[in-house]
Protein chains: 2
Amino acid sequence: MPNTTTATSHDEPLILPMCAVFRRFLKDQGLKFTPERARILDSVLSKPGVFEADALLDEMRRDSRRVSRATIYRTLKHLMEAKIITEVLIDSKQSHYQLSIGREPKGYLVCMETHKIIEVDVPELDAIRERVCRQHGFEPASHRFVIYGVSQDASENSEGTD
Amino acid sequence: MPNTTTATSHDEPLILPMCAVFRRFLKDQGLKFTPERARILDSVLSKPGVFEADALLDEMRRDSRRVSRATIYRTLKHLMEAKIITEVLIDSKQSHYQLSIGREPKGYLVCMETHKIIEVDVPELDAIRERVCRQHGFEPASHRFVIYGVSQDASENSEGTD
DNA sequence: CTTGCTGCAAAAGTTTTGCACACGT
DNA sequence: ACGTGTGCAAAACTTTTGCAGCAAG
């Protein structure tokens, strides 16, 4: 069973500060730092790439870190407000999220066969984004470039299919 | 009531052939060309930009072109198979579609305030896509570049908000 | 006529919400 | 102690599906 993500290595030291960032955010909003929120943040920080709410719940339950589905969704919203994670649009049926440690995610390469998602760095996009926004009088906020294709592994493993 | 799309002008003459394309596709698949399918294709062809299944249904009902929601979804699927429309991922909660008359849609500029979607042409993307796919051993199929931002109109109309 | 199509309503899948109780601050 | 948070289950919302009658080829 192949895993669903690849990518960009995150250094461990970032994990501790992130917790502080979240606590700070919560305090500023008059919200509380609960064990559930701590556990969710923890699980989110352990994700190297793109993840779904449901997968997070499963994983947490497997590790007997008890949380309800409702709390996952509620907390993911706070984490987005706190700019700790970003929503990534890859599938119109389900929300995908990703850590946004300082930098915004840029590009994705999605295999249409295996559904594997590879993050790719495409430096040109920033300049393109600026240009397009200027042309249309927009104030840019973020962007996303997704390439759909078929990976070599997938096309090898299903030669005569379809 | 601002409209939701802008863009690329479609010439009328394309509308007739599209119907033939769809009939051909249906016949090839042993499927039938029904009045409902004709009406849906018709409504789809009248869309200048991105649209949602539900909006299509509403519009059709307003014009008393009776169709059921189920038939809309079933037909949109066929239209995608026939390569007449393409799914566009812009919102993780709802599917968005767009006519794909020969050419693939390339870029979108989405206003986070008004939710207006502007299609933009970004010629560089093809080359970038090729390069990224080559680097990762992928066979490219399609791509999408979405820029999120705030349009001038929106930022003018809500100066002191938030 | 045969086979696929439509509409309805119910089902399915993801996300949200109301409520009663529990817990950070 | 107060005001949020949590879990549960039900609600919402989009999309899919089963079924009985209907229509295209």
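Numbered from 1 within each chain, the chains take letters A, B, ... in sequence-line order.
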For the helix from C:dC1-D:dG25 to C:dT25-D:dA1, measure the angle between the helix axis at one end and the axis at the other, each built from five pairs, rounding to 10°.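 Rounded value for the end-axis angle: 30°.
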Looking just at side-chain N and O atoms, do B:Gln98 and B:Glu119 make a donor-acceptor pair shorter than 3.5 Å?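 There is such a pair (donor and acceptor under 3.5 Å, judged by atom type) between the side chains of B:Gln98 and B:Glu119.
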Using a heavy-atom cut-off of 4.0 Å across all strands, would you classify B:Arg66 as base, sugar-phosphate, or nothing?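 It contacts sugar-phosphate atoms only.
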Regarding B:Ser95, tell me which of base, sugar-phosphate or nothing describes its non-hydrogen contacts under 4.0 Å with the strands shown.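 It contacts sugar-phosphate atoms only.
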Under a 4.0 Å heavy-atom cut-off, which of residues 73-82 of chain B touch DNA chain C?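 Close to the strand are B:Arg74.
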Of all nucleotides in DNA chain C with an atom under 4.0 Å from a non-hydrogen atom of chain A, which is the first and which the last going 5' to 3'?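 Listing 5' to 3', DNA chain C meets chain A from C:dT14 to C:dT25.
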Assign the ring pair B:Phe33 / B:Phe22 to parallel, tilted or perpendicular, where the plane angle (0 to 90°) is split at 30° and 60°.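 Aromatic pair B:Phe33/B:Phe22 classed perpendicular.
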Could you tell me which residues satisfy side-chain contact (heavy atoms from CB on, under 4.5 Å) with B:Ala53, sequence neighbours excluded, listed by chain and number?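 Once residues adjacent in sequence are excluded, the partners of B:Ala53 under the side-chain contact (heavy atoms from CB on, under 4.5 Å) criterion are B:Ile72, B:Tyr73, B:Leu76, B:Tyr97.
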Got a sec, which residues hit side-chain contact (heavy atoms from CB on, under 4.5 Å) with B:Pro140, two or more places apart in sequence or on another chain?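 Expected list: B:Arg129, B:Glu130, B:Cys133.
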May I have the distance from B:Asp54 (atom CG) to D:dT15 (atom P), rounded to whole angstrom?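 Spelled out: CG on B:Asp54 to P on D:dT15 is 8 Å.
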For the pair made of CD in B:Gln94 and C1' in D:dC13, what is the distance, rounded to whole Å?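 Value for this atom pair: 9 Å.
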Sugar-phosphate atoms are those with a prime plus P, OP1 and OP2; base atoms are the rest. Using that split, label each nucleotide of nucleotides 20-25 of chain D B, S or - for protein heavy atoms under 4.0 Å, 5' to 3'. ---BBS
